[in-house]
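Below: one structure, written as structure tokens.
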Amino acid sequence: RDLRLTADFMTRELRNVVEVELLDSATDNFGDWPDHDHIYWTGDDIVHRSGGVETIKTEVQITDAVFDFISVTDHDSRTSILLSFRLTGTLSDQEYTVESDILLNNIRSADSAGDQGMIRYLKPD
């Protein structure tokens, strides 16, 4: 249940972003991007950072998090970008995995850099 709630949060948070980038979570400097929000994997948790405030979004220990972009072209040659993610966690010796794709409504191209443990994004005004 906990991973599903985290996936639902990520979907609501990211669906209508106007900028998005996947980054190496170990090298990002939050101070350089004060207007942007971040969702990232610490190695144990999924954390949401907004306005300088960090909130842990999971109660289970996250053992793996994979974020990637998928480009899809429809029959009219229009390109859409999906943010694909897989979260794996453990709780009471049980392993749970949730996978999902988020259609990024306002994004037509996207880049990835580093180990992709962080999503940096800008929501519309």
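Throughout, numbering of the chain's residues begins at 1 and tracks the sequence.
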Before accepting this row, confirm whether a basic side-chain N of the pair [X]/[Y] lies closer than 4.0 Å to the acidic partner's carboxylate O.
X    : Y   : result
R86  : E99 : no
R49  : D37 : no
K123 : E13 : yes

**Request:** Output, in order, the C-alpha distance, side-chain angles, deciding distance and verdict of side chain to side chain contact (heavy atoms under 4.5 Å, CB included) for M10 and I119.
**Result:** CA-CA 10 Å; M10 290 175 61; I119 305 165; 4.0 Å; yes
Determine whether [X] and [Y] fall in the same hydrophobic cluster, where Ile, Leu, Val, Met, Phe, Trp and Tyr are linked whenever their side-chain heavy atoms lie under 4.5 Å apart.
X    : Y   : value
L83  : I81 : yes
L122 : V17 : no
I62  : Y96 : yes

Surrounding [atom1] of [X] (heavy atoms of other residues, nucleotides or ligands, distance under 6.0 Å), is the total greater than 12?
X   : atom1 : value
D76 : CG    : yes
Q61 : CD    : yes
I70 : CD1   : yes

**Request:** Report yes or no: do S84 and D68 form a side-chain donor-acceptor pair below 3.5 Å?
**Result:**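 No donor-acceptor contact under 3.5 Å links the two side chains.
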**Item:** Pair T63-T88, side-chain donor/acceptor within less than 3.5 Å
**Value:**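 Looking only at side-chain atoms, T88 and T63 do not form any donor-acceptor pair under 3.5 Å.
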What pair of heavy atoms forms the shortest contact from [X] to [Y], and how long is it?
X    : Y   : result
N106 : N16 : ND2-O, 2.9 Å
K57  : T6  : O-OG1, 2.8 Å
V60  : G89 : CG2-CA, 4.3 Å
I102 : L14 : CD1-CD1, 4.1 Å

**Asked** Is the distance between the ring centroids of F9 and H48 less than 6.0 Å?
**Response**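 Judged by ring-centre distance (under 6.0 Å), F9 and H48 do meet the cut-off.
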